[in-house]
A.B. asks: 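Could you have a look at this structure, given as structure tokens, before my questions?
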Amino acid sequence: MYNFIFYRCGMRHEEFSYSSELQTNQGTWTRNPLCSSAIRSKNLFCTHGTAILQLNSRFRFSEPGLKNSITVLQNQLFALDHQKGELEKYVFASDFDRHSQAIEELNVLNVKYEQICDQLKSTLVHAVFFEEIELQERPQ
């Protein structure tokens with residue numbers, strides 16, 4: 001049996017962290033690391049893992065529209081992930097107006113992420129409960 005999870009990472013890997021060198025008094029910005037591969041392989045909300053990619057191939061859907069709805073939500077998560085990565089570049093912009101705009105856009109994006117996660121989880125739980133999807137045999 002596949003063990004999928006719903007873990008909301010908030011796409012933190014698209015954010016940056018600042019680290020400074022005490023000896024040289026210089027700092028660098030680095031992109032945050034991805035979640036562990038153990039989490040990414042099970043997390044249905046992770047756009048950098050295998051679970052989200054395996055979902056459609058691991059289940060049989062009794063309703064063709066259900067599979068399409070799930071694919072649309074997955075694609076929306078991929079698009080948000082890309083958008084967040086692009087916006088993070090401007091969080092540290094020296095132009096205050098661009099910085100403020102990026103922060104506002106990121107807040108809106110985070111709300112969309114939560115909404116899509118809610119919708120994907122609700123769709124999948126409903127489908128399992130009403131037996132609209134069935135786990136396929138695990139490939140050998």
Side-chain angles (χ1 to χ4, degrees):
M1 183 76 150
Y2 286 92
N3 294 316
F4 292 117
I5 61 172
F6 299 104
Y7 172 68
R8 295 173 194 235
C9 66
M11 301 179 291
R12 284 188 291 275
H13 63 276
E14 293 296 340
E15 298 171 358
F16 289 86
S17 295
Y18 184 77
S19 62
S20 62
E21 290 273 334
L22 293 176
Q23 295 172 340
T24 63
N25 202 26
Q26 292 184 352
T28 57
W29 294 101
T30 56
R31 192 174 290 278
N32 290 343
L34 294 169
C35 296
S36 72
S37 61
I39 290 175
R40 291 192 327 264
S41 68
K42 297 176 183 180
N43 185 12
L44 292 171
F45 297 151
C46 180
T47 58
H48 291 270
T50 55
I52 194 171
L53 300 173
Q54 294 175 2
L55 184 62
N56 285 334
S57 64
R58 298 292 184 235
F59 289 95
R60 267 182 255 143
F61 297 83
S62 62
E63 297 290 326
L66 176 63
K67 184 174 184 176
N68 184 54
S69 296
I70 291 169
T71 300
V72 167
L73 292 168
Q74 290 171 319
N75 289 338
Q76 289 174 356
L77 282 177
F78 285 117
L80 285 180
D81 182 74
H82 178 73
Q83 290 170 2
K84 185 169 185 176
E86 291 299 309
L87 284 171
E88 285 291 335
K89 297 174 186 175
Y90 299 105
V91 169
F92 307 106
S94 56
D95 177 0
F96 181 75
D97 288 336
R98 184 59 186 123
H99 166 84
S100 298
Q101 181 183 0
I103 297 294
E104 286 179 28
E105 290 177 34
L106 283 167
N107 288 335
V108 170
L109 189 140
N110 288 332
V111 169
K112 286 181 184 177
Y113 171 78
E114 292 296 323
Q115 291 170 338
I116 293 169
C117 288
D118 286 344
Q119 201 171 358
L120 181 59
K121 182 177 180 180
S122 174
T123 301
L124 289 169
V125 168
H126 179 273
V128 169
F129 185 77
F130 288 103
E131 299 178 353
E132 295 170 343
I133 61 174
E134 178 183 329
L135 187 62
Q136 295 190 55
E137 293 285 324
R138 189 174 202 164
Q140 301 297 328

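In this chain, numbering begins with 1 at the start of the sequence shown.
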A.B. asks: How long is the gap from CG on Leu34 to CD1 on Ile39, to the nearest 0.5 Å?
C.D. replies: 11.0 Å
A.B. asks: Which value, rounded to the nearest 0.5 Å, describes the distance between Glu88 atom CD and Met11 atom CE?
C.D. replies: 9.5 Å
A.B. asks: Which atom pair, heavy atoms only, marks the closest approach of Arg40 to Cys46?
C.D. replies: CG-SG, 3.6 Å
A.B. asks: Would you name the heavy atoms of Leu77 and Leu44 that are closest together and state the gap between them?
C.D. replies: CD1-O, 4.3 Å
A.B. asks: How long is the gap from CG on Asp81 to CD on Glu86, to the nearest 0.5 Å?
C.D. replies: 10.5 Å
A.B. asks: Test of understanding: clusters of I, L, V, M, F, W, Y form through side-chain heavy atoms closer than 4.5 Å, transitively. Do Leu80 and Ile70 belong to the same one?
C.D. replies: yes
A.B. asks: What I want to find out is whether Glu105 reaches Lys112 closely enough, with some N-O distance under 4.0 Å, to be called a salt bridge.
C.D. replies: no
A.B. asks: Looking at CZ of Phe78 and CD1 of Ile116, how far apart are the two atoms once the value is rounded to the nearest 0.5 Å?
C.D. replies: 12.0 Å
A.B. asks: Looking at every heavy atom in both Ala51 and Ser41, which two are closest together, and how far apart are they?
C.D. replies: CB-O, 3.4 Å
A.B. asks: Sort out for me which residue in Val128, Leu66, Ile133, Val72 forms a side-chain contact (heavy atoms from CB on, under 4.5 Å) with Thr123.
C.D. replies: Leu66
A.B. asks: Could you tell me whether a side-chain N or O of Gln74 sits under 3.5 Å from a main-chain N or O of Ile52, the two making a donor and an acceptor?
C.D. replies: yes
A.B. asks: I need the minimum non-hydrogen distance between Lys84 and Leu106, along with the two atoms involved.
C.D. replies: CG-CD2, 3.7 Å
A.B. asks: Cluster question for you: counting only ILVMFWY and a side-chain heavy-atom cut-off of under 4.5 Å, with indirect links fine, are Leu53 and Phe59 together?
C.D. replies: yes
A.B. asks: Using side chain to side chain contact (heavy atoms under 4.5 Å, CB included), reason through Asp118 and Arg8 one step at a time and then give a plain yes or no.
C.D. replies: CA-CA 10 Å; Asp118 286 344; Arg8 295 173 194 235; 2.4 Å; yes
A.B. asks: Please report the interatomic distance CG(Leu120) to CD(Gln76), rounded to the nearest 0.5 Å.
C.D. replies: 10.0 Å
A.B. asks: Within the 4.5 Å heavy-atom criterion, are Val108 and Glu104 side-chain neighbours or not?
C.D. replies: no
A.B. asks: I need the minimum non-hydrogen distance between Glu131 and Ser62, along with the two atoms involved.
C.D. replies: O-OG, 4.2 Å
A.B. asks: Do the ring planes of Phe45 and Tyr113 sit parallel (below 30°), tilted (30 to 60°) or perpendicular (above 60°)?
C.D. replies: perpendicular
A.B. asks: State plainly whether one hydrophobic cluster holds both Tyr7 and Phe4, where clusters connect Ile, Leu, Val, Met, Phe, Trp and Tyr through side-chain heavy atoms under 4.5 angstrom apart.
C.D. replies: no
A.B. asks: To the nearest 0.5 Å, what is the distance between CG on Leu87 and CZ on Arg98?
C.D. replies: 6.5 Å
